[in-house]
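Here is the structure we will look at, set down as structure tokens.
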There are 2 protein chains.
Amino acid sequence: MREPAEVIQFVRAEARRRGVRWTSQRQTIVEAFVASGDHLTVEEIHRRARLSDGTVSAATVYRTLNLLVEIGVAAKRQFGDGSSTFEPNLDKPHHDHLVCLGCGTIREFQRDIIEAIQEDVARELDFVLASHRLELYGWCAACRAKGLMQVPVQPTVAVRPL
Amino acid sequence: MREPAEVIQFVRAEARRRGVRWTSQRQTIVEAFVASGDHLTVEEIHRRARLSDGTVSAATVYRTLNLLVEIGVAAKRQFGDGSSTFEPNLDKPHHDHLVCLGCGTIREFQRDIIEAIQEDVARELDFVLASHRLELYGWCAACRAKGLMQVPVQPTVAVRPL
DNA sequence: ATACATGCAAACTGTTTGCAGAACA
DNA sequence: TGTTCTGCAAACAGTTTGCATGTAT
């Protein structure tokens, strides 16, 4: 990803182009968001933004993140656990996610072959495909070492065949 | 999938084995669920159950569906749109989903190669993988004919590169 | 000056839960 | 009979929204 300062400059310019005003809260939130990593929950972004400005509200964090998604510099992800996470999304190529069931860490990966599967399925079922989402769930080395291997989330196969 | 009556019999037996009582509401809900198709929302299952018994509450529908998931005869799916859907899940092999962005129809498909991708990524990132979820989004032939091709949900690539 | 943005609280959606009464075993 | 289940309403989490006030342009 690019430098945070460069990202913020781009967002500001894009906001102005749309007649959207640049406020200190938006500056604070965008800084907190782009500065420190991927796949943050709204709560976490809010927490970090408040380190700089203790008065920013959750509503403004939501409004700002939705704006970033609209502008195209953030992507909203919904993993299985209820709340959404956001990740900076600038010149990254498409990628998918690997979620650790122990610690929640999210890794990214990319495999071209998935596009081929897409095309193949599209042909078979007569769809025109727009996008996909692939998530792998498992345990990272650190969690395995700690013995954190519980029953997988959302089993998709019958426990006991009929 | 097996015959509805057979499914219900299995669920009943499994419930008894666990000391779970069989009530008319559960009978009604399970009938509505297994009789009529895949990927129903809770709201839809509730609506159908009330056709037989107008007094069943949403709470009981939730409790019953969660019980079915626990027993292993239903799978809960969370697509991007907030609410969960449930599908009967008996002797089906693992499969993934293709969602029409126009009408919401969900088709199932299966590709063995996805397991190979899983293994490959797991090796590279040193994970032990438990499951995956692959969703394709696009438009079915009927929706294309009707001109229903709007902007895709949840864009994952920047609209305008930095 | 005047739109637009903010913070707060209330509304909303999907889901779970506590409780008193009903019903299975 | 005794435990489990139901329906209802309230609680909950995550998110959005209406409104009076504040502020960027």
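Labels below follow one simple rule: chain letters A, B, ... track the order of the sequence lines, proteins then strands, and each chain is numbered from 1.
- Less than 4.0 Å separates DNA chain C from at least one heavy atom of each of the following residues of residues 52-68 of chain B: Ala59(B), Tyr62(B), Arg63(B), Asn66(B).
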Review item, side-chain donor-acceptor pairs of residues 51-60 of chain B, under 3.5 Å, at least two apart:
unit_1: Asp53(B); atom_1: OD1; unit_2: Thr55(B); atom_2: N; d: 2.9
unit_1: Asp53(B); atom_1: OD1; unit_2: Thr55(B); atom_2: OG1; d: 2.8
unit_1: Ser57(B); atom_1: OG; unit_2: Thr60(B); atom_2: N; d: 3.3
unit_1: Ser57(B); atom_1: OG; unit_2: Thr60(B); atom_2: OG1; d: 3.2

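- Panel note: side chain Arg26(A), backbone Arg21(A); a donor-acceptor pair is recorded below 3.5 Å.
- Legend: residues meeting side chain to side chain donor-acceptor pair (under 3.5 Å) with Arg18(A), ordered by chain and number and at least two apart, are Glu14(A).
- We find that CZ of Arg18(A) is positioned 16 Å from C1' of dC4(C), with the value rounded to whole Å.
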Filtered N/O pairs between nucleotides 20-25 of chain C and protein, under 3.5 Å:
unit_1: dC24(C); atom_1: O2; unit_2: Arg21(B); atom_2: NH1; d: 2.9
unit_1: dA25(C); atom_1: OP1; unit_2: Trp22(B); atom_2: N; d: 3.2

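- Residue pairs meeting the ring pair (Phe, Tyr, Trp, His ring centres under 6.0 Å) criterion with at least one partner in residues 51-72 of chain B, sequence neighbours excluded, are absent.
- The footprint of chain B on DNA chain D, defined by a heavy-atom cutoff below 4.0 Å, extends from dG2(D) to dC8(D).
- Residues satisfying the side chain to side chain donor-acceptor pair (under 3.5 Å) test with Glu43(B), not counting sequence neighbours, are none.
- Among residues two or more places apart in sequence or in another chain, the side chain to side chain contact (heavy atoms under 4.5 Å, CB included) test is passed with Ala122(B) by Leu129(B).
- Applying the side chain to side chain contact (heavy atoms under 4.5 Å, CB included) test to Ala141(A) and every residue at least two apart in sequence or in another chain returns Arg144(A), Asp126(B).
- Residue Gly138(A) comes nearest to Phe127(B) through the heavy atom pair C-CD2, 4.0 Å, listed as atom of the first residue, atom of the second, then distance.
- Under the 4.5 Å side-chain heavy-atom criterion for Ile, Leu, Val, Met, Phe, Trp and Tyr, Ile114(B) and Ile113(A) are members of the same hydrophobic cluster.
- Judged by distance alone, the side chains of Asp112(B) and Gln110(B) do bring a donor and an acceptor atom under 3.5 Å apart.
- Applying the ring pair (Phe, Tyr, Trp, His ring centres under 6.0 Å) definition to pairs two or more places apart or across chains, those involving residues 68-87 of chain A are Phe79(A)-His97(A).
- Residues satisfying the side chain to side chain donor-acceptor pair (under 3.5 Å) test with Arg107(A), not counting sequence neighbours, are none.
- Separating the NE2 atom of His46(B) from the P atom of dT15(C) is a distance of 13 Å, rounded to the nearest angstrom.
- Axis angle between the ends of the helix from dA1(C)-dT25(D) to dA25(C)-dT1(D), five pairs each and rounded to 10 degrees, works out to 20°.
- When all heavy atoms are compared, the tightest approach of Gln78(B) to Arg133(B) is O-NH1, 2.8 Å.
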